[in-house]
Amino acid sequence: MRAPARRPARWRPAGYLFLLPALSVLVLFFLAAMAVLLSFSFERFVGGRFLPGTTTGNFTTFLGGHYYWNVIATTVKLGAVTTLLCALIGYPTAYALNAIRRPLVRNLCYFALFAPLLTSVIVRSYGWSLLLGDHGFINQVLLSLHTVRTPVPMLYEFSGVVIALVHILLPFMVFPVVSVLGQLDPVLELASADLGASRLQTFLRVTLPLTVQGLVVGCELVFALSISAFATPSLLGGGRVQVLPALIYNEVGGLNWPLAAVESYALLVLALAVIGIFTLLLRGPVARSRGAT
Amino acid sequence: MTSSGHRVLGLVLGAVAVFMLAPIAIVVVNSFNSVPYGAWPPPGYSLRWYVNLSQQTDFADAAVRSLVVGAVATALALVAGTLASLALIRFRFPGKAAINGLLLAPMIVPRVAIGMAAFTLFVRVHVYGTLWTLMIAHTALILPFAVTIISGALLRVRPELEQAAQDLGASPARAFLTVALPQLRRALVAAAVLSFVVSFDEVDASIFMVSQADPTLPVAMYNYMQKYQDPTLAALSTILVAATLLLAVLLLRSFGVSGFAEMVERPRGQPVIPGEADV
Amino acid sequence: GGTGASRTVSSSSGGKLPKGPVTVTMFVFLGGDLGKMPKAFAQDYMSRHPNVKIEIYEDSNTVGYPKMLAAKQTTPNQPLVNFGFFNAQTTAQGILDGMWNRLDYNAMPNVKDVLPIFRRDDRYGIGIGSDQLGLVYNTRLISPAPTSWTDLWDPKYRGKVTFFDYYWYPVYIAAKMNGGGLQNMQPGWDFWKAHAKQIRTIVTSNPQYLDVLSNGTAPLTSYFNGTALQWKGGGAPLEYVPPREGAISVPVYLQSVQGNTSDQNEVVTDIINQMLSPKWNQQWAVTSVEVPANQKVQLPDTMRSLPAFQRSTVEKLQTVDWTVVARNNADWRQKWDQDIKANI
Amino acid sequence: MASDVVERREAAEAAAAPDAELVGVTKVYDDGTLAVDDVTLRVARGEFFAILGPSGCGKSTTLRMIAGLERPTRGEIYIRGEPMNRRPAHRRPTNMVFQQLALFPHLDVAQNIAYGLRLKRLPGHEVRRRVDEALDLVQLTGLGTRRIHQLSGGQQQRVAIARALVVEPAVLLLDEPLGSLDLKLRLQLQEALGAIQRRTSTTFVYVTHDQGEALRMSDRIAIMNRGRVVQVGRPAELYEAPRTRFAATFLGDTNLFDGRVVAQGMFESEGLRLRVPPGSGVAVSVRPEQVRIVDGDGLPNTFGGHVDEVVYLGSHTRYVVALDAGRKVTTLEPNGRPSRHLAKGDRVTVGWEIDAQVLLQE
Amino acid sequence: MASDVVERREAAEAAAAPDAELVGVTKVYDDGTLAVDDVTLRVARGEFFAILGPSGCGKSTTLRMIAGLERPTRGEIYIRGEPMNRRPAHRRPTNMVFQQLALFPHLDVAQNIAYGLRLKRLPGHEVRRRVDEALDLVQLTGLGTRRIHQLSGGQQQRVAIARALVVEPAVLLLDEPLGSLDLKLRLQLQEALGAIQRRTSTTFVYVTHDQGEALRMSDRIAIMNRGRVVQVGRPAELYEAPRTRFAATFLGDTNLFDGRVVAQGMFESEGLRLRVPPGSGVAVSVRPEQVRIVDGDGLPNTFGGHVDEVVYLGSHTRYVVALDAGRKVTTLEPNGRPSRHLAKGDRVTVGWEIDAQVLLQE
Ligand SMILES: Nc1ncnc2c1ncn2[C@@H]1O[C@H](COP(=O)(O)OP(=O)(O)OP(=O)(O)O)[C@@H](O)[C@H]1O
Ligand SMILES: Nc1ncnc2c1ncn2[C@@H]1O[C@H](COP(=O)(O)OP(=O)(O)OP(=O)(O)O)[C@@H](O)[C@H]1O
Ligand SMILES: [Mg+2]
Ligand SMILES: [Mg+2]
């Protein structure tokens, strides 16, 4: 499905050559690290100390405890909700960014999207706590307007985590979509309009199908990042939102590296599985959107 | 688009901008807080945290270090990522799916775990604490962003233009560089920007990989936060944000039209649906 | 270069030190002003011993110790640090991991002035001071001041309490009050599971902790005297009270790390000894707001007037067996996640 | 065909409101290019109206403005009497066959053609029926499931035609719709389009660069140049009575004699004296097919010369004759007639009738 | 012009190795479409070789294979005697004018044209000179700094031509290069191309759907149908002596009489008896311009009938005459001659010479 139409097949073997730089970096660092992690996963950590010999106990502990399955559920749920919201907000944003022509406005928008990425997660969350907190800005407004009697708990809840994640991951949705929107030939939108399609119809029937690739990329990025996010859930989840990465973080601190390793691999498998399914589902549309080639 | 049409787009952008900037605004306001703890509204205002920041000399070094690491890693990731994308999109070869997954992995495995393992690794091969290891590490960590974004855009590049270039005598490589890359302009910028900030913001793994003696900016901030709990970091963040805004404005000036946006905008004057006037 | 590591530092008396150049790395707490005294000391010591170079490794125990352990597992003879400050729990953990050298108290003249509770029968390190852990509350939002551990689960503070992420102390207290103890924490876990709703939020970073307490999200917690005072000093409306049942004493130890060369051990022993001298011990006590180990130390009145330093408080201090804590830490961590956090 | 051309024309002129009307329409592009310059046109309902003009003269721009894909800088556009300037493209009763086709790459051939119909919420079977009809019409039967990039240039163009046709709009705008088709297919599709147009009495505004096509198919033709309309009229009118040099030379090949009327019915040009019809003018135009190679001089205008160039054109041969007076004259001789086969250099006499000539005003 | 067509042809035939040669070349696309079917062609050096054929018959595919943009499924391609199959596009001495233009949207007009030259490492001023020349040649002087999407269809096409021309390759492949240009400009560019071809003696392989163009410009023409080459020959040859029904009907308009030879020089078709030249065949073809409307019957083949359709074609009028015998015959009458203006229904007699007829073999 991926080799574009009308491309001489003869350079195919070169594929590996092109992968060389990327793979060497990964092997040099990432795979090596993952190997170490794997070796950890078989070590015996009992009563707060490492014992000689190896075990598969860490795996059984993890897969056995239904607590872990709850955590996995929360993790996936968090990832799914965040990704969905990012897509819903991010695509229109990208579309608008692509449509406006006044450079100043566009630059300011890019800046707005970009700025949060420059503030460390600690500082950001601290901004959120002042916004969403029980005594935060929003609640104070609500109270002063007598719309509510007691503060609405937004912070230290699932909702708070989602808001913060969407906030910081939105650029990872917008930028890929914008980049693909830029490759769309505007005359197609004109043709659609000419054939009687309203803006919305044109969007749904031409623009979206032809830029679905950007959306897919955005979703992959956002999902991967949101299910592996540690700081935001633990800072804004107030302990109520227990996700795998936070668990892993604690295990590392608590010296229980074997379990941390197992959990890391679990998360990796989980994410790859979800993304795999996701791309499988979208194979059709994406392939079609490539008729362009 | 009808005027109502772009009123809607305007609203979307406005809303998003507010949403994105609100917490930042709070942070900025809070950096002028007179008390060390965050409270809304701040009990009083002062510059003490900026003063304090100016005394934290090590932040400057850390910032430079982060910039260097970020720049190098981004450059490496872009090159390696573009080549990898080419392989994934343009060639058919066994094991592609696996490699695809492998290229995504560093983005998924929690950084803490990677960092922990990496530390062990580095110590074992006696390279712990060197800057280049950090660069390679960051390259690996941001590679997924480059690959995903670039290959996504590469899917939509029209090969007939490259064929035309080759017909005119350009080698496939040359044709790609001179004809395909320009079509990938936006994607490359997007990849670069996102990769860089990810590297520039990376703390979970770096904290294990850098020697405490010469930390990167995020690690330095993490350390500071361990020591003192006050809005000095808010002040630092404010300065960072202000700096980028300044940069954006400068680009706006020097590029005449629209700095960053220019790089990612559709070719100027390209037809858009009539009525799609400026927002 | 020396010949490997010896389990016990040579008993050859204090005076003579290696003449050749020696470099030692000192682990220093990352937090508040805890770095001041060690750094000052290092400067002074190096000026007096030109052949000795003291490098500072400043980190939190939570990140630093794992690194040390990883280093030990891969390169046993090149420890990440050679000696330094470690809290009681890390000390105990280190004993499990065979991280420390036994100290030769006899080779350390100042030890004779050290209060007995700061010495260790197993001679794995020696205490330099002790922080304590009680109740911290927001003076604007809570009055009268809390007085007892039981206030943590008093219905009138329901949804007003906060804890740091993974914090076993209140569980231990609850266990003790419900017929359990350090060896048998189950009653504590059950109790807190039932009272989880007391907790408004769990915090994972100190700044967040400070905010949550100060801006009224959760005005009551249990934490260290030292940190509380630092925050108060910064202008936060917070106060520390030792519970009437007695605060928990949390000593800080100086440790010498396995894998040092003998030269390094000589120097380390000498340094530790000198840090215990009244002069330096006093500095430590003041900057960390802790009870000093050396009984010759004279505390300033400002400190002596603090509730934490009242004779009554000091007498009621509870001590815990940190080895038990270290042993069960991993399990407790999971229970904390699964029984408490899952129910707030 | 000619006969019902007449009928249609009359119908058209009878029609109260013109179907499409441009009043002083001007288009200046962002970069300052003046593409269309104060164009005023009235196209009657059911009329087949062709726009002819050199490349870059503003034909496509005009169509795009009628379709609402480009905004006039000045001027008003009316369709069925209603002003269109504020009306977005998708609410105009027009459809366009784009010069650059603009087919949807993510849809297959059938889906492309069905696009407009689906928007009209037609029942599935109805859509399918019409799409199949359209496919047959443009002779792409069976290619419905092909992807666009799997089609040849001409096939793509035919899909574009079908896509616009099926929607059956009030006004159909065709921008060189048959540009890349071979003569045979082009003739067949011309027939088909003509038939459709007569049946549905749709108004066609038809841009083409093929004069034969324009002459053959259209009720009226507008000749554009440099963004302006030079002359509007019926095919024969334009061909036989061009008003300007441009019109005369652009539409068909011609022999131009610049000069002036020296006496009643006498025109002088580069040393040649032509007997012309009464009237004034700055130039005289004689079509090559009007110029004959004669033996004696039985014609009012005859000149001696020798064959300078011979071009074989299948049904005809084109001779360029260099007159003794110096300038060259082109003549078109049918091959059918028992015509002596002339070669370069042969001496000949050429001549033409008085009223074979047209006096041009500018 | 005709004369040096001859010269060139002889030169071409003299040339030892053919410049471009296809031997049993076949192309089957991934989806199984058989686009080119066992094609064998030899194009001589410096020859102007046209490929003519209905839409979708495989013309572009053939060019793309010569250029190396498509790999033949079977067969070999040689240029100047060297086998090309293993040679990537960029190392072949060919350049192509793409039917879909494929201009570089991110470059302006001048940069597009300069692209090939820069690759040749030519000095800047040299590049500029050649680009300006090219711009003048295609009459786009002054538009060098325009972006591609700011050009009209025809202007874009001219940029595509210029881009390929400036590189001055050994073999120039043109895929309907003048497709969307008006007659006048087309003629001028035909002239220009012809001139260049003569000057540089480049080999042109020229795909067009304009028969006049093919007849006028080329030394030889190959007629393709359904992926196969039907007939190759000189223009006059093909027009006057087509071998098959397809060739006869595709190239120019004609009257076909299916039937059989009943006696020496006697052909019978649908109740008509035609006096034909000796020989065999399954059909007879008579070009409309060979059919004359006569008064008496001084011709070997004359038939009565009445005018059924009148189409005005500017220089000519096309009459369709329904013979009494039933079938229809088309005739092309020049308008210049003092010809009585016939109307639909008028009774007439048509006739033609014996050797106006061609016997077709299949
Ligand atoms: N990529 C492709 N995949 C499948 N079939 C194709 C592809 N490209 C072309 N074809 C088919 O191959 C045949 C020949 O195509 P080609 O483009 O050579 O025709 P052509 O002679 O150039 O026609 P035209 O005059 O319309 O351009 C056509 O039937 C077309 O549908
Ligand atoms: N987007 C644009 N920006 C600037 N100038 C343009 C733009 N589009 C077209 N033009 C210019 O406007 C003029 C008219 O263009 P238009 O496409 O209407 O010509 P046309 O009559 O269709 O020519 P052709 O027969 O070659 O298609 C041309 O000179 C062209 O260069
Ligand atoms: Mg046009
Ligand atoms: Mg073609």
Side-chain angles (χ1 to χ4, degrees), chain A residues 2-4 7 12 15 18-19 21-22 25-26 29-30 32-33 36-37 92-93 96 99-103 106-107 109-112 115 117-120 122-123 126-128 130-131 136-137 175-176 179 182-183 186 189 199 213 217 220 224 228 245 248-249 252 260 264 268 271-272 290 293, chain B residues 1 5 9 12-13 16-17 20-21 23-24 26-27 38 40 80 83-84 86-87 89 91-93 101 106-110 112-114 116-118 120-121 136-137 139-140 148-149 152-153 155-156 159 186-187 190 197 221 233-234 237 240-241 248 252 257-258 260-261 266 271-272 278-279:
Chain A
R2 291 199 124 178
R7 174 149 298 279
R12 276 176 195 171
F18 282 68
L19 282 167
V25 171
L26 289 186
F29 172 75
F30 181 69
V36 173
L37 220 49
T93 312
I100 55 171
R101 288 143 89 189
R102 192 174 293 168
R106 203 198 290 92
N107 265 23
C109 293
Y110 279 122
F111 168 76
L117 293 169
L118 294 157
T119 58
S120 83
I122 309 288
V123 178
Y126 160 99
W128 282 117
L130 295 185
L131 258 180
F137 179 74
F175 283 46
S179 76
Q183 295 172 310
E189 289 170 328
R199 276 216 136 279
Q213 188 56 36
V217 169
E220 276 184 14
S228 60
I248 293 167
Y249 196 87
V252 169
S264 304
L268 180 57
L272 288 184
R290 300 211 32 228
T293 61
Chain B
M1 138 184 48
L9 288 192
V12 170
L13 283 179
V16 170
M20 295 307 282
L21 291 178
I24 310 304
I26 298 272
V27 169
W40 194 261
L83 291 174
L86 262 172
I89 304 302
F91 303 111
R92 231 184 265 106
F93 50 85
M107 172 167 69
I108 298 160
V109 181
V112 212
I114 300 182
M116 180 63 231
T120 316
L121 190 71
I136 293 186
T139 309
T148 334
I149 295 174
L155 273 173
R156 306 272 292 105
R186 284 186 176 202
V197 293
M221 291 169 84
L233 296 184
S237 299
L240 281 178
V241 172
L252 197 67
V257 195
S258 58
F260 171 64
R266 67 153 68 110
V272 283
D278 302 1
V279 168

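Below, chain A is the first sequence line, B the second, and so on; all start at residue 1. Computed over heavy atoms, backbone and side chain alike; hydrogens, waters and symmetry mates excluded.
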Identify which part of A:Tyr126 has an atom lying under 4.5 Å from any heavy atom of chain B, answering side chain, backbone, both or neither.
side chain
For the residue pair A:Thr119 and B:Ile24, establish whether any side-chain heavy-atom pair is separated by less than 4.5 Å.
yes
Under 4.5 Å to a heavy atom of chain B? For A:Ala115 that would be both
Check whether any side-chain heavy atom of B:Met116 sits under 4.5 Å from a side-chain heavy atom of B:Val112, and report yes or no.
no
Residue part contacting chain A, namely of B:Thr148, when any heavy atom lies under 4.5 Å:
both
Enter the distance from B:Thr139:OG1 to A:Phe30:CZ here, rounded to the nearest 0.5 Å.
14.0 Å
Using heavy-atom distances under 4.5 Å, tell me whether B:Met107 contacts chain A through its side chain, its backbone, both, or neither.
both
B:Ile114 and A:Phe29, any side-chain heavy atoms less than 4.5 Å apart:
yes
Counting heavy-atom pairs under 4.5 angstrom with chain B, the leader among A:Pro92, A:Gly127, A:Ala260 is A:Gly127
Take B:Leu13 and A:Thr93, measure what side-chain contact (heavy atoms from CB on, under 4.5 Å) needs, and give me the verdict at the end.
CA-CA 6 Å; B:Leu13 283 179; A:Thr93 312; 4.0 Å; yes
B:Ile26 portion near chain A, given a 4.5 angstrom heavy-atom threshold:
side chain
Heavy-atom proximity to chain B below 4.5 Å, by part of A:Phe111:
side chain
How long is the straight-line distance from CD1 of B:Ile108 back to CG of A:Leu268, given to the nearest 0.5 Å?
5.5 Å
Interface residue of largest heavy-atom contact number with chain A, from B:Pro106, B:Gly101, B:Ala234, under 4.5 Å:
B:Pro106
Below 4.5 Å from any heavy atom of chain B, which atoms of A:Leu130 appear? Answer side chain, backbone, both or neither.
both
Please report the closest heavy-atom contact between A:Pro21 and B:Ala80, naming both atoms and the distance.
CB-CB, 4.0 Å
So which part of B:Val12 gets closer than 4.5 Å to some heavy atom of chain A, the side chain, the backbone, both or neither?
side chain
Between A:Cys109, A:Ala112, A:Ala271, A:Ala32, the one whose heavy-atom pairs under 4.5 Å with chain B are most numerous
A:Ala112
Should the pair A:Phe175 and A:Tyr110 be assigned to parallel (<30°), tilted (30 to 60°) or perpendicular (>60°) ring geometry?
perpendicular
Name the member of B:Leu240, B:Val109, B:Ile136 that forms the most heavy-atom pairs with chain A at distances under 4.5 Å.
B:Val109
